[in-house]
Amino acid sequence: MSSSSGAVPVRLAAPDGTTIAVNVVGSGDPIVLVHGTTANKEAWILVEPMLARAHTVWSYDRRGRGASDDTAEYSLEREVDDLLAVIDAAAGEGPVHLVGHSFGACCALEAAARRQELLTSLVVYEPPFHAERAAEAEARAIEALRGGETERALLIFYREIAAISDDEISLLQSVPAVWEACIAAAGTLEREAAALRALGWQPDRYRHIATPTLLLSGQLTASTVFTNSDDIHDAIPGAASQILEDQRHLATATGPETFATAVLDFIDAQQPTTPPNAP
């Protein structure tokens, strides 16, 4: 798959000097998209055009994958620094809406906790803050990864941690470029798993967030590693939650219109309305 037609490639410098590759497409108030584990910005390829009809969409390769650079030393804090650099750049186009999927949703919540004044709205899809609940499967995936069995590690992660169905895996495998990109990014699994273990689920970290927030979840998602509606309401009492019918963790690929509609409806609800008799 290739990026949306008309997208403008942009290269930004993160605070530590790492170069982050960004695609910018569309016009209007900006939406920044943050992809999940074993993915790159192409994960948004089906959602992006629908969002770009009314917004400037900024999608980027998180460090260590796609066209972005990497450093030997990794931390979630650096990931969030990268995201904030993209948000700062996008803010020149207007109020920023932030959308994160899976691990990218964890990054998005951390960014909101640090700089919520930059955001007009926040949408997160199934952040895996409870990864410790799949510790045994995670250990086997990492062991396979260290043993050079990259594809096996990826399949353990998809099936036993993210609860991605075999049909969804077959969908990914049916497009060689997509599956190759997943395998190429699999090496980041271990460091992201370690970052989540170190962070854990700490609702107090997010309780001060006043930005309008929506948690999206798939109706058919069976894994317990993902943050649920009770979690998000505990962390951000004013947050909304919505279930996407017939979707699992890969809703951006299996139900892009459903996903995009939920995002746009929430964003539209945050826009100020003009009184009927206003001059």
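Since this is a predicted model, take the numbers as computed values, not measurements. Counting begins at 1 with the first residue of the sequence. Side-chain atoms are counted along with the backbone in the values below, which use heavy atoms only and exclude waters and symmetry mates.
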Original post:
Given the rule in the side chain to side chain contact (heavy atoms under 4.5 Å, CB included) test, do Leu33 and Leu51 qualify, once you have shown the distances and angles that lead to the verdict?
Top reply: CA-CA 10 Å; Leu33 304 177; Leu51 302 181; 3.9 Å; yes

Subject >> Ala52: side-chain contact (heavy atoms from CB on, under 4.5 Å) partners, not counting sequence neighbours >> reply: Val25, Val57

Original post:
Rounded to the nearest 0.5 Å, what separation is found between the OG1 atom of Thr213 and the CD1 atom of Ile236?
Top reply: 4.0 Å

Original post:
How would you list, by chain and number, every residue that makes a side-chain contact (heavy atoms from CB on, under 4.5 Å) with Glu149, sequence neighbours excluded?
Top reply: Ala144, Arg152

Original post:
So if you build clusters from Ile, Leu, Val, Met, Phe, Trp, Tyr with side-chain heavy-atom gaps below 4.5 Å, do Leu118 and Tyr60 land together?
Top reply: yes

Subject >> For the student: nearest non-hydrogen atoms of Ala105 and Pro127, plus distance >> reply: CB-CB, 3.7 Å

Original post:
What are the two closest non-hydrogen atoms of Val96 and Ala90, and how far apart are they?
Top reply: CG2-C, 4.1 Å

Subject >> Counterpart residues, ring pair (Phe, Tyr, Trp, His ring centres under 6.0 Å), relative to Tyr206 (two or more places apart) >> reply: Phe129, Trp201

Original post:
Partners of Glu245 by salt bridge (Lys or Arg N to Asp or Glu O under 4.0 Å), sequence neighbours excluded?
Top reply: none

Subject >> Residues in ring pair (Phe, Tyr, Trp, His ring centres under 6.0 Å) contact with Tyr125, at least two apart in sequence or another chain >> reply: His101, Phe259

**OP:** For residues His35 and Glu42, determine if any side-chain heavy atom of one lies less than 4.5 Å from a side-chain heavy atom of the other.
**Re:** no

Original post:
With Glu132, which residues qualify under side-chain contact (heavy atoms from CB on, under 4.5 Å), at least two apart?
Top reply: His130

Original post:
With no hydrogens and no angle check, do the side chains of Thr18 and Asp16 hold a donor and an acceptor under 3.5 Å apart?
Top reply: yes

**OP:** Flag yes if more than 12 heavy atoms outside Gln202 fall under 6.0 Å of its CD atom; otherwise flag no.
**Re:** yes

Original post:
What about Val24 and Val34, same hydrophobic cluster or not, with Ile/Leu/Val/Met/Phe/Trp/Tyr joined at side-chain heavy-atom distances under 4.5 Å?
Top reply: yes

**OP:** Can you sort out the partners of Asp204 under salt bridge (Lys or Arg N to Asp or Glu O under 4.0 Å), two or more places apart, ordered by chain and number?
**Re:** Arg207

Subject >> Nearest heavy atoms of Pro128 and Leu196, plus distance in Å >> reply: O-CD1, 3.5 Å

Subject >> Selection residues 247-265 - residue pairs positive for side chain to side chain donor-acceptor pair (under 3.5 Å), sequence neighbours left out >> reply: Ser102-His249, Glu126-His249, Gln247-Thr254

**OP:** Applying salt bridge (Lys or Arg N to Asp or Glu O under 4.0 Å), name anything that partners Asp231, two or more places apart in sequence or on another chain.
**Re:** none

**OP:** Answer yes or no: is there a donor N or O on one side and an acceptor on the other, between the side chain of Thr150 and the main chain of Ile183, under 3.5 Å?
**Re:** no

Original post:
Hey, quick one: are Leu220 and Leu250 part of the same hydrophobic cluster, counting side-chain heavy atoms closer than 4.5 Å, chains of contacts allowed?
Top reply: no

Original post:
Do Phe266 and His97 come close enough that some side-chain heavy atom pair is under 4.5 Å?
Top reply: no

Original post:
If you take all heavy atoms of Leu12 and Ala85, which pair is closest and at what distance?
Top reply: CD1-O, 4.0 Å

**OP:** Under the side chain to side chain contact (heavy atoms under 4.5 Å, CB included) rule, what do Leu109 and Val124 come out as? Steps first, then yes or no, please.
**Re:** CA-CA 8 Å; Leu109 274 165; Val124 292; 4.1 Å; yes

Original post:
How far does CG of Leu98 sit from OG1 of Thr211, to the nearest 0.5 angstrom?
Top reply: 9.0 Å

Original post:
For the atom pair CZ (Phe226) and OG (Ser217), what is the distance rounded to the nearest 0.5 Å?
Top reply: 9.5 Å

**OP:** List for me each residue that meets salt bridge (Lys or Arg N to Asp or Glu O under 4.0 Å) alongside Asp166, sequence neighbours excluded, and say none if there are none.
**Re:** Arg159

Subject >> Flag, side chain of Ser68 to backbone of Ala21, donor-acceptor distance under 3.5 Å >> reply: yes

Original post:
Do any pairs count as a side chain to side chain donor-acceptor pair (under 3.5 Å) and have a residue in residues 188-198, sequence neighbours left out, and if so which ones?
Top reply: Thr37-Glu192, Arg62-Glu192, Arg65-Thr188, Arg65-Glu192, Asp70-Arg191, Glu138-Arg197, Arg146-Glu190

Subject >> CA sep, side-chain torsions, deciding dist, call: Glu168, Tyr158, side chain to side chain contact (heavy atoms under 4.5 Å, CB included) >> reply: CA-CA 9 Å; Glu168 290 171 305; Tyr158 284 163; over 6 Å; no

Original post:
Where do Ala153 and Leu189 come nearest, in terms of heavy atoms and distance?
Top reply: O-CD1, 4.5 Å

Original post:
Would you say the side-chain atoms of His233 pair up with the backbone N or O of Ser229, donor to acceptor, closer than 3.5 Å?
Top reply: yes

**OP:** Using a strict 4.0 Å threshold on nitrogen-to-oxygen distance, state whether Asp81 and Arg114 make a salt bridge.
**Re:** yes

Subject >> Atom of Ile20, atom of Asp61 and distance for their closest heavy-atom approach >> reply: CG2-O, 3.7 Å

Original post:
Do any N or O atoms from the side chain of Gln116 and from the backbone of His208 form a donor-acceptor pair under 3.5 angstrom?
Top reply: yes

**OP:** Drop me the distance from Ile232's CD1 to Ile209's CD1, to the nearest 0.5 angstrom.
**Re:** 7.5 Å

Original post:
Rounded to the nearest 0.5 Å, what separation is found between the SG atom of Cys182 and the CG atom of Leu172?
Top reply: 5.0 Å

Original post:
Looking at residues at least two apart in the chain, or sitting in another chain, which of them share a side-chain contact (heavy atoms from CB on, under 4.5 Å) with Thr224?
Top reply: Arg133

**OP:** Report the C-alpha separation of Glu136 and Arg140 in whole Å, then their side-chain angles, then the decisive distance to 0.1 Å, and conclude whether the salt bridge (charged side-chain N to carboxylate O under 4.0 Å, His left out) test is met.
**Re:** CA-CA 6 Å; Glu136 188 273 335; Arg140 283 190 286 108; 2.7 Å; yes

Original post:
For the hydrophobic clusters of this structure (ILVMFWY residues joined by side-chain heavy atoms under 4.5 Å, transitively), does one cluster hold both Leu83 and Val22?
Top reply: yes

Original post:
Quick one: do Val80 and Trp58 end up in the same hydrophobic cluster if we chain Ile, Leu, Val, Met, Phe, Trp and Tyr together by side-chain heavy atoms under 4.5 Å apart?
Top reply: yes

Subject >> Separation between OG of Ser59 and CD1 of Ile45, rounded to the nearest 0.5 Å >> reply: 8.0 Å

Original post:
Does some side-chain heavy atom of Glu48 sit less than 4.5 Å from a side-chain heavy atom of Lys41?
Top reply: no

Original post:
Within the distance-only criterion (no hydrogens, no angle test), does the side chain of Ser27 pair as donor or acceptor with the backbone N or O of Thr56 below 3.5 angstrom?
Top reply: no

